[in-house]
Amino acid sequence: MPTERRLSATAEARWEEGYRADVAVRQFRFVVDEPPRSGGQDAGAMPTEYLLVALSSCFAMALAHVARKRELALGPLTVKAVATYDGPSFSAIDLEVAFDERAPSVIDELVERARRVCYVSNTLTRSPELRVTVADPWS
């Protein structure tokens, strides 16, 4: 019986002081920080903002993917993610899709298909198990 191949993704954040973290993902590097009102230096977007970046960009790419599969040309589009804070988490996230030109007549079908293939929206919907371990530096 063949073994199932599972893909994985890795990001690594290094914190040294304040609220800033330097993050590495594959060959890419970026900064995560908090605004001054929250004690940070505003050197980068907040972690929650990067979550919205991940969702909006994934959904935009998913729309392009499903349209390409149907041989439809979409033209430029924007996906805006707006989240409502509720204490230490979001209680709701709204996505708004806007086209520079007229939306295709099958947009509702494309949106539904995009929902099924967008990894980020699927992850948020399914609420994966989150496990935290502490590495032993002496082992």
Side-chain angles (χ1 to χ4, degrees):
M1 172 188 280
T3 2
E4 181 182 344
R5 181 174 167 241
R6 292 193 170 259
L7 299 176
S8 64
T10 302
E12 187 173 286
R14 178 155 178 85
W15 173 87
E16 292 192 14
E17 65 179 355
Y19 285 101
R20 176 188 170 129
D22 294 310
V23 180
V25 176
R26 295 185 298 126
Q27 74 271 26
F28 306 102
R29 305 281 185 263
F30 55 96
V31 174
V32 179
D33 200 358
E34 294 286 333
R37 72 178 183 278
S38 299
Q41 299 297 313
D42 215 15
M46 298 184 299
T48 51
E49 292 168 327
Y50 278 116
L51 177 65
L52 298 178
V53 165
L55 177 59
S56 61
S57 60
C58 186
F59 204 83
M61 292 163 55
L63 280 169
H65 172 76
V66 298
R68 188 170 36 254
K69 289 280 192 185
R70 293 198 61 198
E71 298 181 358
L72 291 172
L74 287 183
L77 64 94
T78 302
V79 176
K80 180 167 60 171
V82 179
T84 304
Y85 281 99
D86 185 11
S89 65
F90 292 141
S91 60
I93 302 174
D94 295 301
L95 290 181
E96 177 185 88
V97 179
F99 292 87
D100 289 8
E101 300 163 7
R102 186 179 189 91
S105 60
V106 292
I107 188 58
D108 291 337
E109 179 188 340
L110 292 177
V111 165
E112 186 51 41
R113 287 175 181 254
R115 286 180 66 110
R116 292 196 303 260
V117 300
C118 174
Y119 278 69
V120 178
S121 64
N122 283 327
T123 299
L124 292 171
T125 300
R126 294 178 183 151
S127 216
E129 178 183 355
L130 177 63
R131 298 178 294 263
V132 178
T133 58
V134 176
D136 182 355
W138 295 280
S139 60

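Because the structure is predicted, anything quoted here is derived from the model rather than measured.
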Next on the checklist: Hydrophobic clustering (ILVMFWY, side-chain heavy atoms < 4.5 Å, transitive) - are Leu77 and Leu55 grouped together?
Outcome noted: yes
Item to check | Atom CE of Met46: over 12 foreign heavy atoms under 6.0 Å | outcome: yes
Checklist entry - Has Phe90 got more than 12 heavy atoms of other residues, nucleotides or ligands less than 6.0 Å from its CZ? => result yes
Item to check | Close side-chain approach of Leu95 to Val111, heavy-atom, < 4.5 Å | outcome: no
Item to check | Neighbour count above 12 (heavy atom, 6.0 Å) for Arg14 CZ | outcome: no
Checklist entry - Between Val97 and Phe59, which heavy-atom pair has the shortest distance, and what is it? => result CG2-CE2, 4.2 Å
Checklist entry - Where do Arg29 and Val25 come nearest, in terms of heavy atoms and distance? => result NH1-N, 4.3 Å
Next on the checklist: Give me the atom names and distance for the closest heavy-atom approach of Ser121 to Arg115.
Outcome noted: OG-O, 3.6 Å
Checklist outcome for this item: Nearest heavy-atom contact between Leu110 and Arg70 is CD2-CD, 4.2 Å
Checklist entry - So with a 6.0 Å cut-off around CD of Glu109, is the heavy-atom count from everything else above 12? => result yes
Checklist entry - Can you tell me how far OG of Ser57 sits from CG of Leu52, rounded to the nearest 0.5 angstrom? => result 10.5 Å
Next on the checklist: So, taking the atom named CD in Glu101 and the one named CG in Leu74, what distance separates them when rounded to the nearest 0.5 Å?
Outcome noted: 10.0 Å
Checklist entry - Do Met61 and Cys118 come close enough that some side-chain heavy atom pair is under 4.5 Å? => result no
Checklist entry - Under a 4.5 Å side-chain heavy-atom rule over Ile, Leu, Val, Met, Phe, Trp and Tyr, are Val66 and Val106 clustered together? => result yes
Item to check | Shared hydrophobic cluster for Leu124 and Tyr85 (ILVMFWY, side-chain gaps under 4.5 Å) | outcome: yes
Checklist entry - In the single-linkage hydrophobic clustering (I, L, V, M, F, W, Y; side-chain heavy atoms under 4.5 Å), do Val117 and Leu72 co-cluster? => result yes
Next on the checklist: Please give me the minimum heavy-atom distance between Ala114 and Ala62, naming the atom from each residue.
Outcome noted: O-CB, 3.7 Å
Next on the checklist: Is it the case that atom CZ in Arg37 sees more than 12 heavy atoms from other parts of the structure closer than 6.0 Å?
Outcome noted: no
Item to check | Distance-minimising heavy-atom pair for Val79 and Leu63 | outcome: CG2-CD1, 4.3 Å
Checklist entry - Just by distance, do the side chain of Asp42 and the backbone of Asp33 share a donor-acceptor pair under 3.5 Å? => result no
Next on the checklist: Quick check on the hydrophobic clustering: are Val120 and Ile93 connected, directly or via other members, by side-chain heavy-atom contacts under 4.5 Å?
Outcome noted: yes
Next on the checklist: Is it the case that over 12 heavy atoms from other parts of the model lie below 6.0 angstrom from the CD atom of Glu17?
Outcome noted: no
